[in-house]
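We count residues from 1, following the sequence as given. If you're wondering where the values come from, they're calculated on a predicted model, not measured in any experiment. Both counts, for ligands and for their atoms, begin at 1 and track the order of listing.
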Amino acid sequence: MNQQELNKTLSKLPLGSIRYFDSIGSTNDEALAWAANDARDLSLVVANEQTAGRGRLDRPWFTPPSSALAFSLILRPTADEKPHLSRIVGLAALSIADTIGMLGLAPQVKWPNDILLNGRKAAGILIELVWSGEDVDCVVIGIGVNVAKQAVPSTDILRFPAISLEHVLSEAPDRKKLLHDILASLIALRPHMRSASFMKSWEKSLAYYGKQVQVEMGSEQSVTGQIIGLELDGSLKLSDENGKTVTVRFGDVRLRLFA
Ligand code: BT5
């Protein structure tokens, strides 16, 4: 992968500018700095390797060279989109899931930001915002996909089992084509983000739907219940043991095997 090849592969998409790096700390850091400056809508940062890739809560995201897709897309939301920014994680998740689905696989979205294959994490999403006073100026969508086997970290840094596309296909798919297809899917889906059908597709993609789960929300706080859907803002809806609906805005979902 290099800048020229990327420009060529992505030339038909209505992107802003594209910045490619052989190696970078985090594509999200680069995109946040660019977004705070003069980046146009749909500007893109792509790296062959990340040395300080980040997940949520500053958890590490492993991106060794030439084996993963690591990129950050900058959105400058329109006034119409601004009330729905909490759906952007769903927009990213569905774009990745649709693209992986086109490879003949059956991905699921582990709410809020993981893409699972065979119950293991194949991709993660990190959404970060750039504020201008009280207003959101830009949204940075960071996406990491494990393409080749080497992208999967050793189990000691993992909070959840991981997998790559190569593990489930006979060979690793082309990273540029994968990037193209995820971006094309996201661009096509973006105008529908406000629709009821978007929420339906997002709900349908959820892993553990109808199952008993535990959601860990940090500092030893957690809730348990059955997944019954999503709120309009993308929060997870659970039914607790008393049949009461509980809404979760943030957390790590785990299946309760012996519930
Ligand atoms: C995420 O966070 O899953 C968000 C990952 C976003 C990565 C992209 S890559 C491009 C852009 N630039 C960045 O710096 N980040 C974004 P979270 O749900 O908090 O999961 C983090 C956890 O996933 C870690 O604590 C590890 O246990 C695990 N992990 C790290 N690397 C992994 C990998 N390659 N595959 C699967 N799991 C991984």
Problem set entry | Partners meeting salt bridge (Lys or Arg N to Asp or Glu O under 4.0 Å) with Glu166 (sequence neighbours left out) |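 Listed in chain order: nothing, the list is empty.
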For this session: Please examine the side chains of Glu49 and Thr63, heavy atoms only from C-beta on, and report whether any two atoms are closer than 4.5 Å.
Result: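 Not touching, per the 4.5 Å side-chain cut-off.
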For this session: For residues Glu128 and Arg54, determine if any side-chain heavy atom of one lies less than 4.5 Å from a side-chain heavy atom of the other.
Result: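 Side chain of Glu128 against side chain of Arg54, heavy atoms only: contact under 4.5 Å found.
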Problem set entry | Criterion side-chain contact (heavy atoms from CB on, under 4.5 Å) on Arg249 and Asp233, from CA distance to verdict | CA-CA 9 Å; Arg249 295 208 158 66; Asp233 68 353; 3.7 Å; yes
Exercise. With a cut-off of under 6.0 Å to the ring centre and 45° to the axis, is Arg190 in cation-pi contact with Phe198?
Worked result: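 Cation-pi check for Arg190 and Phe198: fails.
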Exercise. On the ring face of Phe160, is Lys110 found with NZ or CZ under 6.0 Å from the centre and within 45° of the axis?
Worked result: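 Yes, Lys110 sits over the ring of Phe160.
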Exercise. What does the list of residues with a heavy atom under 4.0 Å from ligand 1 look like, ordered by chain and number?
Worked result: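 The 4.0 Å shell around ligand 1 contains Ser26, Thr27, Asn28, Gln50, Gly53, Arg54, Gly55, Arg56, Arg59, Pro60, Trp61, Phe62, Phe71, Ser72, Asn113, Asp114, Lys121, Gly124, Ile125, Leu126, Gly142, Ile143, Gly144, Asn146, Ala151, Pro153, Ile157, Leu158, Arg159, Ala162.
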